[in-house]
Amino acid sequence: PMPPYTNRMRPGGVRPSAQQQLRPIRSSVGVSCQAGPSSLPELPCHTRQLSGINRGVVLRHLRSKGEDGQGPPFTIRGGRLGVVCSAAVAEAPSVMKTVKVELGDRSYPIYIGTGLLQGRGELLRQHIPGNKVLIVTNETIAPLYLDQTIKALTADGTLTVESVILPDGEEHKTMDVLAQVWDKALTCRMDRGSTFLALGGGVVGDMTGFAASCYQRGVHFVQVPTTIMSQVDSSVGGKTGVNHPLGKNMIGAFYQPRCVVCDTDTLSTLPDRELASGISEIVKYGLIRDAPLFKWLEANMWQLLARDSEATAYAVERSCINKAEVVAADEKEMNDVRATLNLGHTFGHAIETGAGYGTLLHGEAVSIGTVMAADLSFRMGWIDRDLLDRTRAIMVAARLPVVPPTVMTVELFKNLMAVDKKVAAGKLRLVLLKGPLGGCVVTGAFDPVKLEETLTYFCSMKQ
(Lines give C-alpha, C1' and ligand atoms only; values in the text may rest on other atoms or scores of the structure.)
Protein backbone atom coordinates (compact mmCIF):
# COMPACT_ATOMS: atom_id res chain seq x y z
CA PRO A 1 0.00 0.00 0.00
CA MET A 2 1.03 3.57 -0.61
CA PRO A 3 1.61 5.90 2.34
CA PRO A 4 -1.13 8.53 2.85
CA TYR A 5 -1.24 11.31 0.30
CA THR A 6 -0.03 14.71 1.35
CA ASN A 7 -2.88 17.17 1.03
CA ARG A 8 -1.17 20.32 -0.21
CA MET A 9 -4.36 22.34 -0.55
CA ARG A 10 -7.34 23.06 1.66
CA PRO A 11 -10.59 21.54 0.33
CA GLY A 12 -11.84 24.99 -0.58
CA GLY A 13 -8.65 25.90 -2.44
CA VAL A 14 -5.87 28.31 -1.52
CA ARG A 15 -6.33 32.01 -2.10
CA PRO A 16 -3.67 33.42 -4.41
CA SER A 17 -0.70 35.40 -3.28
CA ALA A 18 -0.26 39.00 -4.33
CA GLN A 19 1.05 37.98 -7.70
CA GLN A 20 0.50 34.84 -9.75
CA GLN A 21 2.64 34.33 -12.83
CA LEU A 22 0.84 33.12 -15.93
CA ARG A 23 1.99 32.82 -19.51
CA PRO A 24 0.00 34.50 -22.26
CA ILE A 25 -2.63 32.45 -24.00
CA ARG A 26 -1.12 30.48 -26.84
CA SER A 27 -2.01 31.20 -30.44
CA SER A 28 0.08 28.64 -32.26
CA VAL A 29 -0.46 26.80 -35.53
CA GLY A 30 -3.96 25.36 -35.73
CA VAL A 31 -5.74 27.86 -33.47
CA SER A 32 -6.33 31.57 -33.51
CA CYS A 33 -7.60 33.73 -30.70
CA GLN A 34 -9.13 37.14 -31.19
CA ALA A 35 -11.32 39.58 -29.34
CA GLY A 36 -14.74 40.65 -30.53
CA PRO A 37 -15.61 44.05 -32.01
CA SER A 38 -15.57 45.80 -28.64
CA SER A 39 -12.04 44.77 -27.65
CA LEU A 40 -9.31 47.04 -26.35
CA PRO A 41 -7.34 49.40 -28.56
CA GLU A 42 -4.11 48.02 -29.95
CA LEU A 43 -1.94 46.68 -27.12
CA PRO A 44 0.85 44.11 -26.98
CA CYS A 45 -0.45 40.70 -28.05
CA HIS A 46 -0.24 39.07 -24.64
CA THR A 47 -2.34 41.87 -23.11
CA ARG A 48 -4.89 42.02 -25.92
CA GLN A 49 -5.52 38.28 -25.81
CA LEU A 50 -6.33 38.37 -22.09
CA SER A 51 -8.53 41.47 -22.21
CA GLY A 52 -11.76 39.51 -22.10
CA ILE A 53 -11.23 38.45 -18.48
CA ASN A 54 -10.49 41.90 -17.12
CA ARG A 55 -13.78 43.72 -17.20
CA GLY A 56 -13.76 46.79 -15.00
CA VAL A 57 -10.06 46.42 -14.25
CA VAL A 58 -7.68 49.29 -14.91
CA LEU A 59 -4.81 48.27 -17.19
CA ARG A 60 -1.41 49.86 -17.10
CA HIS A 61 0.99 48.52 -19.71
CA LEU A 62 4.38 47.30 -18.50
CA ARG A 63 7.14 47.61 -21.05
CA SER A 64 8.87 44.63 -19.48
CA LYS A 65 7.29 41.19 -19.27
CA GLY A 66 6.69 39.20 -16.11
CA GLU A 67 9.53 37.75 -14.07
CA ASP A 68 9.45 34.52 -16.03
CA GLY A 69 9.79 36.45 -19.31
CA GLN A 70 6.57 34.95 -20.62
CA GLY A 71 3.98 37.64 -20.03
CA PRO A 72 2.39 40.08 -17.59
CA PRO A 73 1.85 38.99 -13.97
CA PHE A 74 -1.66 38.55 -12.63
CA THR A 75 -2.69 40.40 -9.50
CA ILE A 76 -5.83 40.52 -7.41
CA ARG A 77 -7.84 43.72 -7.59
CA GLY A 78 -10.83 43.52 -5.29
CA GLY A 79 -11.23 39.81 -5.91
CA ARG A 80 -10.92 40.15 -9.70
CA LEU A 81 -8.10 39.12 -11.93
CA GLY A 82 -6.13 42.03 -13.29
CA VAL A 83 -3.15 42.49 -15.59
CA VAL A 84 -0.54 44.98 -14.46
CA CYS A 85 0.47 47.24 -17.34
CA SER A 86 2.36 50.60 -17.51
CA ALA A 87 1.25 52.81 -20.37
CA ALA A 88 -1.92 54.87 -20.69
CA VAL A 89 -4.79 53.80 -18.48
CA ALA A 90 -7.68 52.07 -20.29
CA GLU A 91 -10.77 50.28 -19.05
CA ALA A 92 -11.38 46.82 -20.51
CA PRO A 93 -14.98 46.46 -21.65
CA SER A 94 -16.84 43.18 -21.69
CA VAL A 95 -15.84 41.45 -24.91
CA MET A 96 -16.71 38.31 -26.76
CA LYS A 97 -13.70 36.11 -27.42
CA THR A 98 -13.34 33.87 -30.47
CA VAL A 99 -11.21 30.74 -30.69
CA LYS A 100 -11.03 29.09 -34.11
CA VAL A 101 -10.71 25.36 -34.66
CA GLU A 102 -8.55 25.08 -37.79
CA LEU A 103 -9.72 22.17 -39.95
CA GLY A 104 -9.40 23.55 -43.46
CA ASP A 105 -12.77 24.03 -45.13
CA ARG A 106 -14.44 22.58 -42.01
CA SER A 107 -12.93 25.13 -39.64
CA TYR A 108 -15.33 26.74 -37.20
CA PRO A 109 -15.39 29.37 -34.44
CA ILE A 110 -15.96 28.99 -30.72
CA TYR A 111 -17.60 32.13 -29.35
CA ILE A 112 -17.09 32.78 -25.64
CA GLY A 113 -18.80 35.55 -23.70
CA THR A 114 -21.77 36.71 -21.68
CA GLY A 115 -25.24 37.43 -23.04
CA LEU A 116 -24.65 35.58 -26.30
CA LEU A 117 -28.18 34.14 -26.26
CA GLN A 118 -29.68 37.56 -25.58
CA GLY A 119 -29.41 40.08 -28.39
CA ARG A 120 -26.67 38.21 -30.26
CA GLY A 121 -28.83 35.90 -32.35
CA GLU A 122 -26.79 36.73 -35.44
CA LEU A 123 -23.96 34.62 -34.02
CA LEU A 124 -26.10 31.53 -34.49
CA ARG A 125 -28.01 32.59 -37.59
CA GLN A 126 -24.88 33.28 -39.65
CA HIS A 127 -23.88 29.61 -39.25
CA ILE A 128 -27.27 28.18 -40.24
CA PRO A 129 -27.42 27.90 -44.04
CA GLY A 130 -30.97 26.57 -44.41
CA ASN A 131 -34.27 27.78 -43.00
CA LYS A 132 -35.16 24.93 -40.63
CA VAL A 133 -33.70 24.29 -37.18
CA LEU A 134 -34.35 21.47 -34.73
CA ILE A 135 -33.27 22.34 -31.19
CA VAL A 136 -32.41 19.27 -29.12
CA THR A 137 -32.39 19.92 -25.37
CA ASN A 138 -33.40 18.19 -22.15
CA GLU A 139 -36.04 18.59 -19.49
CA THR A 140 -33.68 20.49 -17.18
CA ILE A 141 -32.40 23.03 -19.70
CA ALA A 142 -35.62 23.59 -21.66
CA PRO A 143 -37.41 25.66 -18.98
CA LEU A 144 -34.30 27.82 -18.56
CA TYR A 145 -33.03 28.55 -22.06
CA LEU A 146 -35.24 27.07 -24.78
CA ASP A 147 -37.52 30.09 -25.27
CA GLN A 148 -34.51 32.41 -25.16
CA THR A 149 -32.76 30.40 -27.86
CA ILE A 150 -35.85 30.24 -30.07
CA LYS A 151 -36.23 34.01 -29.77
CA ALA A 152 -32.59 34.52 -30.78
CA LEU A 153 -33.00 32.29 -33.83
CA THR A 154 -36.31 33.72 -35.04
CA ALA A 155 -35.60 37.41 -34.42
CA ASP A 156 -35.23 38.21 -38.14
CA GLY A 157 -38.05 35.94 -39.29
CA THR A 158 -35.93 33.80 -41.62
CA LEU A 159 -35.91 30.53 -39.66
CA THR A 160 -38.52 27.95 -38.72
CA VAL A 161 -37.62 26.39 -35.38
CA GLU A 162 -38.82 23.12 -33.84
CA SER A 163 -37.64 21.47 -30.63
CA VAL A 164 -37.42 18.07 -28.97
CA ILE A 165 -36.94 17.67 -25.23
CA LEU A 166 -35.09 14.56 -24.02
CA PRO A 167 -34.84 13.15 -20.49
CA ASP A 168 -31.82 14.41 -18.56
CA GLY A 169 -28.90 12.24 -17.47
CA GLU A 170 -26.11 9.95 -18.67
CA GLU A 171 -28.38 6.94 -18.20
CA HIS A 172 -30.52 8.24 -21.08
CA LYS A 173 -27.62 8.46 -23.54
CA THR A 174 -28.95 5.50 -25.52
CA MET A 175 -30.07 4.63 -29.04
CA ASP A 176 -33.67 4.34 -27.86
CA VAL A 177 -33.72 7.91 -26.55
CA LEU A 178 -31.74 9.16 -29.55
CA ALA A 179 -34.51 7.86 -31.83
CA GLN A 180 -36.75 10.60 -30.42
CA VAL A 181 -34.61 13.15 -32.27
CA TRP A 182 -35.03 11.38 -35.60
CA ASP A 183 -38.75 10.87 -34.92
CA LYS A 184 -39.18 14.62 -34.40
CA ALA A 185 -37.09 15.49 -37.46
CA LEU A 186 -39.14 13.20 -39.68
CA THR A 187 -42.44 14.39 -38.24
CA CYS A 188 -41.45 18.01 -38.92
CA ARG A 189 -40.12 17.08 -42.38
CA MET A 190 -36.62 18.34 -41.76
CA ASP A 191 -34.65 18.19 -45.02
CA ARG A 192 -30.94 17.91 -45.82
CA GLY A 193 -30.50 21.66 -45.47
CA SER A 194 -31.74 21.59 -41.88
CA THR A 195 -29.63 22.28 -38.79
CA PHE A 196 -29.69 20.33 -35.53
CA LEU A 197 -28.81 22.60 -32.60
CA ALA A 198 -27.64 21.07 -29.31
CA LEU A 199 -28.75 23.12 -26.30
CA GLY A 200 -27.44 21.54 -23.11
CA GLY A 201 -24.50 19.70 -21.64
CA GLY A 202 -22.26 16.95 -22.89
CA VAL A 203 -24.94 14.28 -23.20
CA VAL A 204 -27.19 16.51 -25.30
CA GLY A 205 -24.26 17.63 -27.45
CA ASP A 206 -22.97 14.11 -28.08
CA MET A 207 -26.42 12.78 -28.96
CA THR A 208 -27.38 15.73 -31.15
CA GLY A 209 -24.14 15.53 -33.11
CA PHE A 210 -24.58 11.81 -33.69
CA ALA A 211 -28.19 12.32 -34.74
CA ALA A 212 -27.10 15.03 -37.19
CA SER A 213 -24.35 12.83 -38.63
CA CYS A 214 -26.86 10.08 -39.44
CA TYR A 215 -30.03 11.94 -40.41
CA GLN A 216 -30.32 11.87 -44.19
CA ARG A 217 -26.59 10.98 -44.14
CA GLY A 218 -25.63 14.25 -42.54
CA VAL A 219 -27.26 17.60 -41.76
CA HIS A 220 -25.80 20.78 -40.27
CA PHE A 221 -24.94 20.84 -36.58
CA VAL A 222 -24.45 23.67 -34.07
CA GLN A 223 -23.41 23.47 -30.40
CA VAL A 224 -24.74 25.74 -27.63
CA PRO A 225 -23.21 24.17 -24.49
CA THR A 226 -24.70 25.14 -21.12
CA THR A 227 -22.40 23.34 -18.66
CA ILE A 228 -18.77 23.94 -17.80
CA MET A 229 -17.96 20.37 -18.90
CA SER A 230 -19.43 20.89 -22.36
CA GLN A 231 -18.01 24.40 -22.80
CA VAL A 232 -14.43 23.41 -22.01
CA ASP A 233 -14.39 19.98 -23.63
CA SER A 234 -17.19 17.97 -25.19
CA SER A 235 -18.68 20.65 -27.47
CA VAL A 236 -15.35 21.13 -29.25
CA GLY A 237 -13.81 18.57 -31.59
CA GLY A 238 -16.69 16.65 -33.13
CA LYS A 239 -16.81 13.52 -30.99
CA THR A 240 -20.42 12.37 -30.94
CA GLY A 241 -22.23 9.22 -29.89
CA VAL A 242 -24.18 7.21 -27.35
CA ASN A 243 -23.35 4.64 -24.71
CA HIS A 244 -23.68 0.86 -24.94
CA PRO A 245 -24.33 -1.36 -21.91
CA LEU A 246 -20.84 -2.82 -22.37
CA GLY A 247 -18.97 0.45 -22.83
CA LYS A 248 -19.24 4.23 -22.77
CA ASN A 249 -19.39 6.16 -26.08
CA MET A 250 -18.88 2.99 -28.10
CA ILE A 251 -21.42 3.92 -30.78
CA GLY A 252 -20.71 7.23 -32.51
CA ALA A 253 -18.96 9.28 -35.15
CA PHE A 254 -16.60 12.20 -35.65
CA TYR A 255 -18.84 15.03 -36.82
CA GLN A 256 -17.80 18.66 -36.47
CA PRO A 257 -20.24 21.48 -35.64
CA ARG A 258 -20.51 24.63 -37.73
CA CYS A 259 -19.93 26.75 -34.62
CA VAL A 260 -19.89 26.57 -30.83
CA VAL A 261 -21.53 29.34 -28.78
CA CYS A 262 -20.44 29.38 -25.13
CA ASP A 263 -22.65 31.82 -23.24
CA THR A 264 -21.07 31.80 -19.80
CA ASP A 265 -24.25 33.29 -18.32
CA THR A 266 -25.79 29.83 -18.63
CA LEU A 267 -23.36 28.56 -15.99
CA SER A 268 -25.16 30.63 -13.33
CA THR A 269 -27.89 27.98 -13.14
CA LEU A 270 -25.46 25.06 -13.00
CA PRO A 271 -25.66 22.98 -9.79
CA ASP A 272 -22.49 22.99 -7.69
CA ARG A 273 -21.89 19.30 -8.38
CA GLU A 274 -22.04 19.87 -12.15
CA LEU A 275 -19.69 22.82 -11.83
CA ALA A 276 -17.11 20.74 -10.00
CA SER A 277 -17.49 17.92 -12.52
CA GLY A 278 -16.52 20.22 -15.39
CA ILE A 279 -13.48 21.53 -13.55
CA SER A 280 -11.89 18.08 -13.76
CA GLU A 281 -11.50 18.53 -17.52
CA ILE A 282 -9.85 21.93 -17.04
CA VAL A 283 -7.37 20.31 -14.65
CA LYS A 284 -6.64 17.72 -17.34
CA TYR A 285 -5.34 20.37 -19.76
CA GLY A 286 -2.98 21.63 -17.09
CA LEU A 287 -1.61 18.18 -16.37
CA ILE A 288 -1.02 17.06 -19.96
CA ARG A 289 0.10 20.23 -21.78
CA ASP A 290 -0.45 23.55 -19.99
CA ALA A 291 1.56 23.76 -16.76
CA PRO A 292 0.83 27.49 -16.22
CA LEU A 293 -2.90 26.74 -16.29
CA PHE A 294 -2.46 24.04 -13.64
CA LYS A 295 -0.58 26.47 -11.40
CA TRP A 296 -3.28 29.09 -11.94
CA LEU A 297 -5.91 26.53 -10.93
CA GLU A 298 -4.01 25.69 -7.76
CA ALA A 299 -4.11 29.34 -6.75
CA ASN A 300 -7.56 30.25 -8.06
CA MET A 301 -9.75 27.20 -7.53
CA TRP A 302 -11.75 29.11 -4.95
CA GLN A 303 -12.67 31.69 -7.58
CA LEU A 304 -14.01 29.06 -9.97
CA LEU A 305 -16.08 27.44 -7.24
CA ALA A 306 -17.37 30.88 -6.26
CA ARG A 307 -18.39 31.41 -9.93
CA ASP A 308 -16.24 34.51 -10.37
CA SER A 309 -17.09 35.68 -13.88
CA GLU A 310 -13.57 36.69 -14.92
CA ALA A 311 -11.99 33.50 -13.62
CA THR A 312 -14.66 31.38 -15.30
CA ALA A 313 -14.29 33.18 -18.64
CA TYR A 314 -10.52 32.75 -18.50
CA ALA A 315 -10.74 29.02 -17.69
CA VAL A 316 -13.23 28.39 -20.51
CA GLU A 317 -11.19 30.31 -23.06
CA ARG A 318 -7.87 28.72 -22.13
CA SER A 319 -9.42 25.26 -22.19
CA CYS A 320 -10.96 25.86 -25.62
CA ILE A 321 -7.61 27.04 -26.97
CA ASN A 322 -5.94 23.88 -25.69
CA LYS A 323 -8.69 21.67 -27.14
CA ALA A 324 -8.66 23.49 -30.49
CA GLU A 325 -4.91 23.06 -30.84
CA VAL A 326 -5.15 19.34 -30.20
CA VAL A 327 -8.11 18.79 -32.54
CA ALA A 328 -6.40 20.74 -35.32
CA ALA A 329 -3.31 18.54 -34.95
CA ASP A 330 -5.13 15.19 -34.75
CA GLU A 331 -8.85 15.41 -35.47
CA LYS A 332 -9.57 11.66 -35.50
CA GLU A 333 -6.94 10.32 -33.07
CA MET A 334 -4.71 8.95 -35.78
CA ASN A 335 -1.36 9.85 -34.20
CA ASP A 336 -2.08 9.80 -30.45
CA VAL A 337 -2.02 13.59 -30.03
CA ARG A 338 -5.76 13.75 -29.41
CA ALA A 339 -5.66 10.58 -27.35
CA THR A 340 -3.74 12.50 -24.67
CA LEU A 341 -7.03 14.26 -23.87
CA ASN A 342 -8.17 10.93 -22.42
CA LEU A 343 -6.00 11.23 -19.31
CA GLY A 344 -7.92 9.44 -16.57
CA HIS A 345 -10.70 8.44 -18.95
CA THR A 346 -9.83 4.74 -19.26
CA PHE A 347 -10.18 4.31 -15.50
CA GLY A 348 -13.04 6.82 -15.44
CA HIS A 349 -15.11 5.19 -18.18
CA ALA A 350 -14.72 1.83 -16.42
CA ILE A 351 -16.07 3.44 -13.24
CA GLU A 352 -19.04 5.01 -15.06
CA THR A 353 -19.94 1.71 -16.70
CA GLY A 354 -19.31 -0.43 -13.62
CA ALA A 355 -21.18 1.83 -11.21
CA GLY A 356 -24.05 2.33 -13.67
CA TYR A 357 -24.46 5.30 -16.00
CA GLY A 358 -25.65 8.31 -14.05
CA THR A 359 -24.39 7.13 -10.66
CA LEU A 360 -21.36 9.39 -10.97
CA LEU A 361 -21.08 12.42 -13.20
CA HIS A 362 -18.54 12.07 -16.00
CA GLY A 363 -16.16 14.59 -14.44
CA GLU A 364 -16.36 12.84 -11.08
CA ALA A 365 -15.31 9.55 -12.66
CA VAL A 366 -12.55 11.34 -14.61
CA SER A 367 -11.30 12.90 -11.38
CA ILE A 368 -10.90 9.48 -9.80
CA GLY A 369 -9.37 8.12 -12.99
CA THR A 370 -6.89 10.98 -13.23
CA VAL A 371 -5.63 10.37 -9.70
CA MET A 372 -5.34 6.65 -10.51
CA ALA A 373 -3.37 7.46 -13.68
CA ALA A 374 -1.07 9.72 -11.67
CA ASP A 375 -0.60 6.96 -9.11
CA LEU A 376 0.42 4.47 -11.81
CA SER A 377 2.73 7.07 -13.36
CA PHE A 378 4.43 7.50 -9.99
CA ARG A 379 4.78 3.75 -9.47
CA MET A 380 6.40 3.55 -12.91
CA GLY A 381 8.91 6.19 -11.82
CA TRP A 382 7.72 8.62 -14.50
CA ILE A 383 6.68 11.46 -12.19
CA ASP A 384 7.80 12.50 -8.73
CA ARG A 385 5.78 12.27 -5.54
CA ASP A 386 5.15 16.00 -5.51
CA LEU A 387 3.19 15.90 -8.78
CA LEU A 388 1.17 12.92 -7.55
CA ASP A 389 0.26 14.81 -4.39
CA ARG A 390 -0.62 17.96 -6.33
CA THR A 391 -2.86 16.00 -8.70
CA ARG A 392 -4.86 14.56 -5.84
CA ALA A 393 -4.91 17.83 -3.92
CA ILE A 394 -6.31 19.88 -6.78
CA MET A 395 -9.17 17.41 -7.28
CA VAL A 396 -9.92 17.56 -3.56
CA ALA A 397 -9.84 21.35 -3.76
CA ALA A 398 -12.41 21.16 -6.57
CA ARG A 399 -14.64 19.07 -4.26
CA LEU A 400 -14.32 16.03 -6.49
CA PRO A 401 -14.03 12.36 -5.46
CA VAL A 402 -10.61 10.72 -5.65
CA VAL A 403 -11.41 7.06 -4.84
CA PRO A 404 -13.73 4.68 -6.73
CA PRO A 405 -17.17 3.60 -5.51
CA THR A 406 -17.61 0.39 -3.56
CA VAL A 407 -18.86 -1.60 -6.54
CA MET A 408 -15.51 -1.38 -8.33
CA THR A 409 -13.18 -4.36 -7.95
CA VAL A 410 -9.85 -5.13 -9.54
CA GLU A 411 -11.44 -7.70 -11.85
CA LEU A 412 -14.27 -5.36 -12.84
CA PHE A 413 -11.76 -2.64 -13.68
CA LYS A 414 -9.75 -5.05 -15.84
CA ASN A 415 -12.78 -6.40 -17.69
CA LEU A 416 -14.17 -2.96 -18.50
CA MET A 417 -10.80 -1.41 -19.39
CA ALA A 418 -10.25 -4.24 -21.88
CA VAL A 419 -12.93 -2.76 -24.16
CA ASP A 420 -11.55 0.79 -24.03
CA LYS A 421 -11.32 2.55 -27.40
CA LYS A 422 -7.54 2.94 -27.03
CA VAL A 423 -7.00 -0.83 -27.01
CA ALA A 424 -4.89 -1.69 -30.08
CA ALA A 425 -4.23 -5.23 -31.31
CA GLY A 426 -5.66 -6.54 -28.06
CA LYS A 427 -3.26 -4.51 -25.93
CA LEU A 428 -4.47 -1.90 -23.45
CA ARG A 429 -2.93 1.54 -23.83
CA LEU A 430 -3.14 4.25 -21.20
CA VAL A 431 -2.53 7.98 -21.02
CA LEU A 432 0.00 8.49 -18.25
CA LEU A 433 1.93 11.45 -16.92
CA LYS A 434 5.63 11.51 -17.63
CA GLY A 435 8.33 14.03 -16.78
CA PRO A 436 7.61 17.46 -15.31
CA LEU A 437 4.16 19.00 -15.04
CA GLY A 438 2.59 19.30 -18.50
CA GLY A 439 4.05 16.09 -19.95
CA CYS A 440 2.27 12.84 -20.78
CA VAL A 441 2.43 9.77 -23.02
CA VAL A 442 -0.03 7.38 -24.65
CA THR A 443 1.53 3.99 -24.11
CA GLY A 444 1.08 0.28 -23.73
CA ALA A 445 4.58 0.01 -22.28
CA PHE A 446 3.56 0.10 -18.65
CA ASP A 447 4.29 -2.64 -16.13
CA PRO A 448 1.14 -4.76 -15.64
CA VAL A 449 2.33 -5.53 -12.11
CA LYS A 450 2.31 -1.80 -11.33
CA LEU A 451 -1.17 -1.48 -12.82
CA GLU A 452 -2.31 -4.32 -10.57
CA GLU A 453 -0.81 -2.46 -7.59
CA THR A 454 -2.67 0.73 -8.48
CA LEU A 455 -5.99 -1.08 -8.94
CA THR A 456 -5.54 -3.03 -5.71
CA TYR A 457 -4.61 0.09 -3.77
CA PHE A 458 -7.60 2.14 -4.93
CA CYS A 459 -10.08 -0.71 -4.62
CA SER A 460 -8.93 -1.18 -1.01
CA MET A 461 -9.74 2.44 -0.15
CA LYS A 462 -13.13 2.67 -1.86
CA GLN A 463 -15.57 5.33 -0.71
Side-chain angles (χ1 to χ4, degrees), residues 1-2 170-171 173 202 206 233-234 239 241-252 277 280-281 283-284 287-288 333 336-380 382-383 388 391-392 395 400-434 440-463:
M2 298 283 287
E170 187 78 29
E171 65 271 28
K173 191 178 178 182
D206 285 4
D233 184 65
S234 63
K239 281 190 176 181
V242 295
N243 298 330
H244 187 277
L246 298 180
K248 182 177 169 67
N249 291 333
M250 283 294 171
I251 314 298
S277 175
S280 68
E281 295 284 2
V283 171
K284 171 191 71 181
L287 284 168
I288 65 171
E333 290 190 13
D336 282 346
V337 174
R338 186 165 183 175
T340 61
L341 297 175
N342 288 316
L343 175 70
H345 285 57
T346 302
F347 296 104
H349 285 172
I351 292 169
E352 287 186 86
T353 305
Y357 297 127
T359 303
L360 288 174
L361 297 176
H362 175 64
E364 293 172 335
V366 167
S367 170
I368 300 166
T370 298
V371 177
M372 293 179 74
D375 180 275
L376 177 55
S377 302
F378 173 72
R379 292 176 189 272
M380 290 293 298
W382 292 352
I383 63 171
L388 172 59
T391 301
R392 182 184 186 276
M395 295 303 189
L400 287 163
V402 292
V403 293
T406 306
V407 69
M408 297 307 297
T409 63
V410 173
E411 286 307 310
L412 184 55
F413 263 116
K414 287 181 178 179
N415 290 338
L416 292 172
M417 291 167 68
V419 295
D420 184 81
K421 292 186 292 296
K422 291 182 294 300
V423 171
K427 185 175 180 60
L428 176 64
R429 299 190 307 150
L430 296 171
V431 183
L432 299 176
L433 303 177
K434 192 169 188 178
C440 68
V441 292
V442 182
T443 180
F446 55 84
D447 186 342
V449 174
K450 300 299 183 184
L451 173 59
E452 184 89 15
E453 290 176 1
T454 290
L455 294 175
T456 301
Y457 174 63
F458 278 86
C459 288
S460 71
M461 54 185 287
K462 292 179 291 193
Q463 59 186 2

Worksheet item: Taking C-beta and beyond as the side chain, do N249 and K173 meet within less than 4.5 Å on heavy atoms?
Response: yes
Worksheet item: Cut-off 3.5 Å, side chains only: do E352 and H345 have a donor facing an acceptor?
Response: no
Discussion item. Using 0.5 Å steps for rounding, measure from the OH atom of Y457 to the CG atom of D375.
Written reply: 7.0 Å
Worksheet item: Any side-chain heavy atom of L451 sitting closer than 4.5 Å to one from R379?
Response: no
Worksheet item: Under 4.5 Å between any side-chain heavy atoms of L287 and C440, yes or no?
Response: no
Practice prompt. For the pair K248 (side chain) and T353 (backbone), establish whether a donor and an acceptor sit closer than 3.5 Å, ignoring hydrogens and angles.
Written response: no
Practice prompt. Without swapping roles, check the side chain of S367 against the backbone of P401 for a donor-acceptor pair under 3.5 Å.
Written response: yes
Worksheet item: Are any of the side-chain heavy atoms of M417 and L430 separated by less than 4.5 Å?
Response: yes
Discussion item. Counting C-beta onward and ignoring hydrogens, is there a side-chain heavy-atom pair between V419 and L246 closer than 4.5 Å?
Written reply: no
Worksheet item: Parallel under 30°, tilted from 30 to 60°, perpendicular over 60°: which one fits the rings of H349 and H362?
Response: tilted
Worksheet item: Say you draw a straight line from CE of M372 to CE of M408; how long is it, rounded to the nearest 0.5 Å?
Response: 7.5 Å
Discussion item. Side chains of V283 and T370, heavy atoms from C-beta outward: is any pair under 4.5 Å?
Written reply: no
Worksheet item: Under a 4.5 Å cut-off applied to non-hydrogen side-chain atoms, are K434 and T443 in contact?
Response: no
Discussion item. Does any part of the side chain of T346, heavy atoms only, come nearer than 4.5 Å to the side chain of V431, both counted from C-beta?
Written reply: no
